[in-house]
Protein chains: 2
Amino acid sequence: MRHPAQIGVARVLSLRTRGSMKLITRDTDYAVRALCYLAKHRERTISVPELVKALEIPRPFLRKILQLLHNKGILKAYKGKGGGFSMAISPGRISLIEVMRVFQGQFSLNECLFKKECCPRRYSCGLRKKIMEIERQALKDIGKITIGNLARD
Amino acid sequence: MRHPAQIGVARVLSLRTRGSMKLITRDTDYAVRALCYLAKHRERTISVPELVKALEIPRPFLRKILQLLHNKGILKAYKGKGGGFSMAISPGRISLIEVMRVFQGQFSLNECLFKKECCPRRYSCGLRKKIMEIERQALKDIGKITIGNLARD
DNA sequence: TCCAAATGATACCATAATTGTATCATTTGT
DNA sequence: ACAAATGATACAATTATGGTATCATTTGGA
Ligand code: FES
Ligand code: FES
């Protein structure tokens, strides 16, 4: 006999509570906000306390973010009393991708790991090819977004 | 005096070790593989042991994935000896997005949370608008990928 | 009838990523 | 000298990811 009884189309909700799937993480977001603020006040050197007041970002976290942006050469830093940060590059030349890469590493929408090793079907896989194409397009579009045009609201 | 000393453009590497930023998680990937296998053998009912051999996916994990796909109405399930799973819908009508939503929840590339609440600038934010547009396009493209055309390699 | 083979439901666990905090050292203008 | 700033770095809490384990239930067949 050939299995007549199907169980029925249950619509039980998420066994795990997921819902995020976000592409831009908190630190990238914070970084963008901070960079926009700095971009709008290029004439001045902005200190962390000022940024904290303006952006309501947890101070130690913001400090870490700014330090990283400095290490990556995106910000200039001035130590000592009256010091702070300012843009090292023209805001129009800082793409959102660069900021994302600082905090989120390299893009790679589908890694398809196979037990810690690189997937054997990697180069034949159809899914991979299609996802890569979508990724390329998205990156191109994200690349067009710069701190410069974000800062202009 | 106006801060002449800049610290120099250090290129210190990632203070955090990141590098993933993947859009498709492991369970989605496993689910796609399993669905493709099922799509290629629609005439039969496929058991978990067979899938484990064919796809080399950890058995208990695969079971959970298949159960969820069944709960969502994507698979039919047959209990008892000789039982297993089979497609409940035509493979050509199962989009990759649907599978992603099952395991990764709703898309939302930029949430921009502001201290656990919804961001106050949400509707004026330029970043958000641009990212949303990119997201829409990416979703449209991912929507075109179906289990059907993936199964055909 | 009883057993083996299959899924259903669910609880648990280990690791890594995310999202922060805290501390101390160093620099610098006054 | 001192206060105000960043530099470097270690630590901690929470959540997401990836995976295991267990027991109950169904079902075909000897
Ligand atoms: S890259 Fe491994 S199956 Fe797609
Ligand atoms: S959505 Fe909050 S600042 Fe962009």
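Every chain is numbered from 1, with letters handed out A, B, ... down the list of sequences.
- The shortest distance between the side-chain N/O atoms of H70(A) and the OP1/OP2 oxygens of dG7(D) is below 4.0 Å.
- Y78(A) has its OH atom 18 Å from the P atom of dT27(C), to the nearest Å.
- R26(B) places its CZ atom 11 Å from the P atom of dT20(D), with the value rounded to the nearest Å.
- With Q104(A) contributing its side chain and T28(A) its backbone, the two residues share no donor-acceptor pair below 3.5 Å.
- To the nearest angstrom, C1' of dT19(C) lies 14 Å from CZ of R33(A).
- Taking 4.0 angstrom as the limit, Y30(B) places none of its side-chain polar atoms (N or O) nearer than this to OP1 or OP2 of dG18(D).
- F61(A) has its CZ atom 15 Å from the C1' atom of dT9(D), to the nearest Å.
- The CG atom of L62(B) sits 12 Å away from the C1' atom of dT7(C) (whole-angstrom rounding).
- Between the CG atom of L68(B) and the P atom of dT7(C) there is a distance of 15 Å, rounded to whole Å.
- Side-chain contact check for I46(B) versus F85(B): every heavy-atom pair is 4.5 Å or farther apart.
- Of the candidates dT20(D), dT7(C), dT6(D), the closest approach to any side-chain atom of S47(A) belongs to dT6(D).
- Remark: the backbone N or O of A138(B) is not paired with any side-chain donor or acceptor of D141(B) at under 3.5 angstrom.
- Taking atom NZ on K81(A) and atom P on dT26(C), their separation rounds to 21 Å, with Å as the unit.
- For E133(A) and K130(A), the salt-bridge test fails: no basic side-chain N is under 4.0 Å from an acidic carboxylate O.
- Remark: R44(B) engages E50(B) in a salt bridge, criterion side-chain N to carboxylate O under 4.0 Å.
- A donor-acceptor contact under 3.5 angstrom links the side-chain atoms of R63(A) to the base of dG7(D).
- Between the base of dG19(D) and the side chain of K64(B) there is a donor-acceptor pair shorter than 3.5 Å.
- If you take CG of L69(B) and C1' of dG8(C), they are 15 Å apart, rounded to a whole angstrom.
- In the set dT7(C), dA5(D), dT20(D), dT7(C) carries the atom at the smallest distance from any side-chain atom of K79(B).
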